[in-house]
Participant: 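Attaching a single structure in structure tokens format; questions to follow.
It should be emphasised that the depicted structure is a prediction, and the values quoted were computed from it without experimental measurement. All residue numbers refer to positions in the sequence shown, counting from 1.
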Amino acid sequence: MGAESEGAGEPDAGAEPGSGAPAGRGTPGDDEPPAASETEEGKPAADGAATADAEASSEAAAETDERAAKGDQAAERDEGAEPASKTNEAAAEPAETAAKPAAEPDAKTDDTGERAAKSDQPTEPPAEHDQADEPAKAAAEPDEPTAQGAQPTEPPAERDQADEPAKATAIRPWQLRKGWRSWRGAHPVAARRVSHGVTLLALLLVAAALLLPNKEAQFQVAAFTRLPVEALLLGAVLLVLPRRPRVAVAVLGGLALGVLTVLNLTDIEFNQYLGRSFNVVLDWELLDDAQSYLADTLGGTAALLAAAGVVLLVLAVLAVMALAVVRLGDLLARDKARSTRGLLFASVVWMTCMALDIQISGVPVASQHTVAMVKYHDQALRTTIRDERDFARTAEADQFGGTPAGELVPDLRGKDMIFTFIESYGRSAIEDPIPAPGVNKTLETSTRALADAGFHARTGWLTSATYGGGSWLGHSTFMSGLWVDNQNRYRTVTSGDHLTLTEAFKKTGAWDTVGVMPGVQKGWPESKWYGLDKVYNAFQMGYEGPKFSWSTMPDQYALEAFQRLEHGKKRDKPLTSFVILTSSHQPWAPVPEMVDWDQLGDGSVYKGIEAAGNRPADVLTSSTRSSEEYGKSVEYSLTALTQWMERYGKDDTVLVVLGDHQPNARVSGDHASRDVPCSIIAKDPKVLDKIADWGWTEGLRPDHDAPVWKMSDFRDRFLTAYGSTPHPSKG
């Protein structure tokens with residue numbers, strides 16, 4: 001063929017520049033591809049250079065493999081190759097004569113050189129070779145020394161072939177793609193399935209966030225089968241916005257959903273443990289108390305990991321919600337006409353369900369849950385701000401704030417007064433089927449034992465200002481006569497001068513006052529407000545034994561330390577004491593055991609008892625186990641206190657004992673009352689006669705229908721019953 005049809009070709013990669021020797025031309029074998037110049041449809045070789053290069057690369061790779069498999073044969077062919085002069089002569093001979101077996105490798109590798117020799121104007125060799133030419137060059141190089149009369153090189157089979165797979169890999173386009181696009185191109189069906197799955201997951205996450213209840217009792221299938229109107233509104237907004245504003249609004253909407261989800265999850269835990277929702281203004285400092293509780297219960301490492309896990313969870317919820325809303329916004333924007341029809345149809349369904357009040361298992365299908373939750377938190381915020389002002393004015397007014405010292409509790413002069421709280425001692429301990437049998441048996445046994453020692457009791461019910469936790473709220477409510485049900489009220493009342501029961505006794509000048517606080521492990525400035533002359537905290541009672549989970553020491557030891565340090569000493573004045581017992585604090589594992597009072601020593605006797613007890617993790621995972629161990633802990637605290645009264649109580653000892661709050665919902669249930677038992681125990685019958693009109697039950701176990709008062713009512717009733725004269729202070 002002429003130059004017009006073949007065109008100029010690339011120079012042979014194996015020929016040295018400037019040698020002037022024309023490249024030989026061989027005839028392809030039956031199993032070899034045709035020369036690059038003989039392309040389909042008679043196109044010039046220059047137009048098919050890329051194709052020729054790729055074919056040459058494939059030929060080179062195939063030849064290398066062939067030589068590696070047949071090293072000896074390749075060597076024989078190299079040794080039998082004729083000198084370059086004969087090769088030049090072969091170029092002039094007919095094709096069938098020139099195609100000798102010895103020259104066959106040259107015919108393969110010098111294909112591009114053949115095109116250069118047949119062109120009218122030989123092309124200059126390019127400065128740089130494309131990587132696709134390198135295999136062809138490598139294939140041609142072994143035969144060069146033979147063409148120049150030099151000794152043949154080593155057979156290709158003995159060459160280092162480590163680079164050859166890399167060369168073959170480099171020329172495959174699908175191996176150059178990276179990341180998701182590369183995988184999607186290679187696996188389009190799987191990629192579509194993954195994409196659909198991610199979209200479905202985003203839809204489920206957004207729907208769950210819009211429908212998530214804030215109480216565990218509300219978790220049911222029907223709660224998650226509703227149609228949220230907020231989704232329709234957000235979808236309509238995203239649908240009409242251009243791309244950038246749509247993404248911005250989607251991110252903000254996702255973050256808002258994330259915040260709402262975190263608040264709902266926090267509400268679930270607060271309702272479980274405190275019987276109320278999380279207050280976004282007042283409850284942040286309780287998170288630190290929660291971490292301290294975990295550290296005391298499960299150890300510092302576990303508490304740190306839990307705190308880090310919570311932070312990561314919050315960040316993950318915010319990020320995932322934002323990404324989910326963005327993805328759904330993009331989905332809506334792909335086909336706006338179809339999305340619009342879908343939103344209109346869903347809106348009609350929602351309005352129909354709302355108008356007809358269609359319900360599933362008592363739950364309306366047309367949901368406005370998210371709007372309701374936003375309104376709820378907004379109202380709680382407004383109430384908190386308003387309550388702060390109102391309570392401050394209430395705390396300034398005190399029915400007995402102006403009562404002279406001589407007119408306070410005249411009927412209790414000369415008595416040793418003890419106000420004692422038993423942790424989590426509530427109505428559930430007496431009436432719940434799991435803990436009640438053991439607790440009631442202990443109450444009956446203790447009532448008889450106290451009667452044998454000359455003591456008698458009257459017991460009624462008080463409704464605590466707190467539930468499940470926040471013991472200090474119950475303490476301050478009972479002692480001040482104010483309803484202290486949140487942290488802001490607690491700060492307000494403890495920073496003021498509202499009269500407490502212990503302060504009333506101190507104000508008379510007829511009593512010394514002391515606090516026994518085994519649960520206090522840091523500064524406690526509230527002691528001044530309580531009117532306590534001295535306070536013994538967890539580190540001031542000489543205890544050297546092990547902690548029992550959160551409780552720093554068993555109640556029996558704390559009571560014995562109280563007797564040794566204060567109550568058992570001779571003094572000029574009677575003593576008014578404020579004692580907080582802690583052994584029945586959650587998680588109710590391990591529970592101490594009673595030991596001989598004379599063997600308590602420094603508390604080392606408890607090491608074996610603590611080691612043999614249950615671990616918190618064994619109890620927390622089971623509601624039944626929690627109830628059982630809770631009952632045992634209350635039995636222990638009641639036994640320790642009543643035995644202390646039998647052992648150390650005197651004719652002038654008066655004990656007021658009550659629970660600070662109910663146990664959490666894991667034990668008391670989702671709809672438990674906030675009632676706690678309150679008993680007054682004394683040997684002097686005149687003390688109990690003063691409260692005969694209260695209607696309280698004889699003994700330590702109150703009747704189910706015994707009178708129920710708010711805990712904040714006790715102070716005024718108690719002061720009045722024992723002869724105090726009201727003199728209101730100016731509020």
Participant: Check whether Ser577 reaches the backbone of Val514 with its side chain - one donor and one acceptor, N or O, closer than 3.5 Å.
Facilitator: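 Looks like no, no N/O pair under 3.5 Å.
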Participant: Which heavy-atom pair separates Asp703 from Thr697 by the least distance, and what is that distance?
Facilitator: N-OG1, 3.1 Å
Participant: Any idea which heavy atoms bring Pro433 and Pro437 closest together, and the distance?
Facilitator: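 Looking at all heavy atoms of both residues, the closest pair is O-CD, 3.2 Å.
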Participant: Taking ring-ring contact (aromatic ring centres under 6.0 Å, His included) as the test, write out the residues that go with Trp461, two or more places apart.
Facilitator: none
Participant: Between Ser627 and Asp432, does a side chain to side chain donor-acceptor pair (under 3.5 Å) hold up when you go through it step by step?
Facilitator: CA-CA 9 Å; Ser627 296; Asp432 187 271; 4.9 Å; no
Participant: At their closest point, which heavy atom of Asp411 faces which heavy atom of Ala721, and how far apart are they?
Facilitator: OD2-O, 4.0 Å
Participant: Trp696 vs Trp709 aromatic rings, parallel, tilted or perpendicular, using cut-offs 30° and 60°?
Facilitator: tilted
Participant: Hey, are Lys632 and Glu629 close enough for a salt bridge, meaning a charged N less than 4.0 Å from a carboxylate O?
Facilitator: yes
Participant: Give a yes or no on whether the backbone of Asp390 and the side-chain of Thr394 come within a donor-acceptor separation of less than 3.5 Å.
Facilitator: yes
Participant: Do Asp485 and Thr466 make a side-chain contact, defined as non-hydrogen atoms from C-beta onward lying under 4.5 Å apart?
Facilitator: no
Participant: So, Asp512 and Arg571, do they make that salt bridge, N to O below 4.0 Å?
Facilitator: yes
Participant: With the threshold set at 4.0 Å, does a side-chain nitrogen-carboxylate oxygen contact exist between Asp684 and Lys650?
Facilitator: no
Participant: Under the 3.5 angstrom rule, does the side chain of His585 hit a backbone N or O of Trp550 as a donor-acceptor pair?
Facilitator: no
Participant: Taking Thr513 for its side chain and Gly531 for its backbone only, find out whether a donor-acceptor pair lies under 3.5 Å.
Facilitator: yes
Participant: Is it true that Asp652 and Lys415 make a salt bridge, defined as a side-chain N closer than 4.0 Å to a carboxylate O?
Facilitator: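 Salt bridge: no.
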Participant: I'd like to check the side chain to side chain contact (heavy atoms under 4.5 Å, CB included) partners of Val535; sequence neighbours left out, ordered by chain and number.
Facilitator: Met517, Trp524, Ser527, Leu532
Participant: Scan side-chain atoms only and decide if Glu503 and Trp529 contain a donor-acceptor pair under the 3.5 Å cut-off.
Facilitator: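 No - no donor-acceptor pair under 3.5 Å links their side chains.
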Participant: Go through Gln487 and Trp472 one step at a time and tell me if the side chain to side chain donor-acceptor pair (under 3.5 Å) criterion holds.
Facilitator: CA-CA 9 Å; Gln487 195 64 22; Trp472 57 93; 3.0 Å; yes
Participant: Does a donor on one side chain sit under 3.5 Å from an acceptor on the other, for Asp555 and Ser637?
Facilitator: yes
Participant: Tell me whether the guanidinium CZ or amine NZ of Lys506 lies under 6.0 angstrom from the six-membered ring centre of Trp511 and within 45° of its axis.
Facilitator: no
Participant: Is there a ring-ring contact (aromatic ring centres under 6.0 Å, His included) between Phe478 and Phe421 once you walk through the steps?
Facilitator: CA-CA 10 Å; Phe478 178 82; Phe421 285 87; 5.5 Å; yes
Participant: Do NZ/NE/NH1/NH2 and the carboxylate oxygens of Asp267 and Lys215 come within less than 4.0 Å?
Facilitator: no
Participant: For Tyr273 and Gln586, which I'm curious about, is there any donor-acceptor pair between the side chains at under 3.5 Å?
Facilitator: no
Participant: Is any side-chain N of the basic residue among Arg715 and Asp398 closer than 4.0 Å to the acidic one's carboxylate O?
Facilitator: yes
Participant: Using distance alone, with no hydrogens and no angle criterion, decide if Ser668 and Tyr630 have a side-chain donor and acceptor under 3.5 Å apart.
Facilitator: no
Participant: Between Gln662 and Asp675, is a side chain to side chain donor-acceptor pair (under 3.5 Å) present by the stated rule, with each step listed?
Facilitator: CA-CA 7 Å; Gln662 279 267 61; Asp675 296 345; over 6 Å; no
Participant: Is there a side chain to side chain donor-acceptor pair (under 3.5 Å) between Ser626 and Arg666 once you walk through the steps?
Facilitator: CA-CA 7 Å; Ser626 294; Arg666 193 170 67 253; 3.1 Å; yes
Participant: Could you walk me through whether Glu431 and Arg427 pass the salt bridge (charged side-chain N to carboxylate O under 4.0 Å, His left out) check?
Facilitator: CA-CA 6 Å; Glu431 298 184 350; Arg427 187 184 280 265; 3.0 Å; yes
Participant: Side chains of Asn279 and Thr384: donor-acceptor distance under 3.5 Å anywhere?
Facilitator: yes
Participant: Go through it in stages, so that I can follow the logic: the residues are Leu450 and Glu646, the test is side-chain contact (heavy atoms from CB on, under 4.5 Å), and I'd like the CA-CA distance, side-chain angles, deciding distance and then a yes or no.
Facilitator: CA-CA 6 Å; Leu450 287 172; Glu646 296 171 46; 4.1 Å; yes
Participant: Kindly assign one of parallel, tilted or perpendicular to the pair Phe505 and Phe718, based on the angle between their ring planes and the thresholds 30° and 60°.
Facilitator: tilted
Participant: Does Tyr722 have Lys690 sitting over its ring (NZ/CZ under 6.0 Å from centre, angle to axis within 45°)?
Facilitator: no
Participant: Will you find, in the side chains of Ser633 and Ser584, an N or O donor that is under 3.5 Å from an N or O acceptor?
Facilitator: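 Checked: Ser633/Ser584 side chains show no N/O donor-acceptor pair below 3.5 Å.
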Participant: Quick check: do Val520 and Ile580 have side-chain heavy atoms less than 4.5 Å from each other?
Facilitator: no
Participant: State, without any angle test, whether Arg276 and Asn271 hold a side-chain donor-acceptor pair at a distance under 3.5 Å.
Facilitator: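 Absent: no donor and acceptor within the cut-off.
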Participant: Is the closest side-chain heavy-atom distance between Glu560 and Tyr648 below 4.5 Å?
Facilitator: yes
Participant: Check whether Thr403 reaches the backbone of His727 with its side chain - one donor and one acceptor, N or O, closer than 3.5 Å.
Facilitator: yes
Participant: Is there side-chain contact between Met541 and Phe562, with at least one heavy-atom pair below 4.5 Å?
Facilitator: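 A side-chain contact under 4.5 Å is absent here.
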Participant: Could you walk me through whether Met479 and Phe714 pass the side-chain contact (heavy atoms from CB on, under 4.5 Å) check?
Facilitator: CA-CA 8 Å; Met479 300 298 283; Phe714 181 86; over 6 Å; no
Participant: Should Thr463 and Ser673 count as side-chain neighbours, where that means a heavy-atom distance under 4.5 Å?
Facilitator: no
Participant: Do the side chains of Glu610 and Arg615 get close enough for a salt bridge, i.e. N-O under 4.0 angstrom?
Facilitator: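 The answer is yes: the pair qualifies as a salt bridge.
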Participant: Test of understanding: with ring-ring contact (aromatic ring centres under 6.0 Å, His included), list the residues that count as partners of Tyr557, not counting sequence neighbours.
Facilitator: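 Listed in chain order: Tyr543.
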Participant: Within the side chain of Thr459, is there an N or O that forms a donor-acceptor pair under 3.5 Å with the backbone of Gly699?
Facilitator: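 Side chain of Thr459 to backbone of Gly699, a donor-acceptor pair under 3.5 Å: yes, one is there.
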Participant: Evaluate the side-chain proximity of Ser724 to Phe400: yes if any heavy-atom separation is below 4.5 Å, no if none is.
Facilitator: yes
Participant: Is there a side-chain contact between Leu658 and Phe419 in this structure, where contact means two heavy atoms from C-beta onward sitting under 4.5 Å apart?
Facilitator: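 Heavy-atom side-chain distance check fails, nothing below 4.5 Å.
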Participant: Thr477 side chain to Val484 main-chain N or O, any donor-acceptor pair under 3.5 Å?
Facilitator: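 Checking the backbone N and O of Val484 against the side chain of Thr477, a donor-acceptor pair under 3.5 Å is found.
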Participant: Is there side-chain contact between Leu688 and Ile681, with at least one heavy-atom pair below 4.5 Å?
Facilitator: no
Participant: Can you tell me if Ser446 uses its side chain to pair, donor with acceptor, with the backbone of Leu443 under 3.5 Å?
Facilitator: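 Not a single qualifying donor-acceptor pair exists.
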Participant: Return the minimal non-hydrogen interatomic distance between Pro592 and Ser583, and the atom names on each side.
Facilitator: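 Minimum heavy-atom contact is CG-OG, 3.9 Å.
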Participant: Could you check whether atom CG of Asp602 has more than 12 heavy atoms from other residues, nucleotides or ligands sitting under 6.0 Å from it?
Facilitator: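 Yes.
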Participant: Which heavy atom in Cys678 sits nearest to a heavy atom in Leu462, and how many Å separate them?
Facilitator: CB-CD1, 3.7 Å
Participant: If the threshold is 4.0 Å, N to carboxylate O, is there a salt bridge linking Arg458 and Glu698?
Facilitator: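 Between Glu698 and Arg458 there is a salt bridge, with a charged N closer than 4.0 Å to a carboxylate O.
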Participant: Can you tell me if Asn440 uses its side chain to pair, donor with acceptor, with the backbone of Ile430 under 3.5 Å?
Facilitator: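 It does hold such a pair.
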Participant: Would you kindly say whether His661 and Glu423 are connected by a side-chain donor-acceptor distance under 3.5 Å?
Facilitator: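 A donor-acceptor contact under 3.5 Å links the two side chains.
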Participant: Which heavy atom of Gly631 sits nearest a heavy atom of Val439, and at what distance?
Facilitator: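 Closest approach of Gly631 to Val439: O-CG2, 3.7 Å.
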Participant: Between the main-chain N or O of Arg717 and the side-chain N or O of Thr720, is there a donor-acceptor pair closer than 3.5 Å?
Facilitator: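 A pair under 3.5 Å: no.
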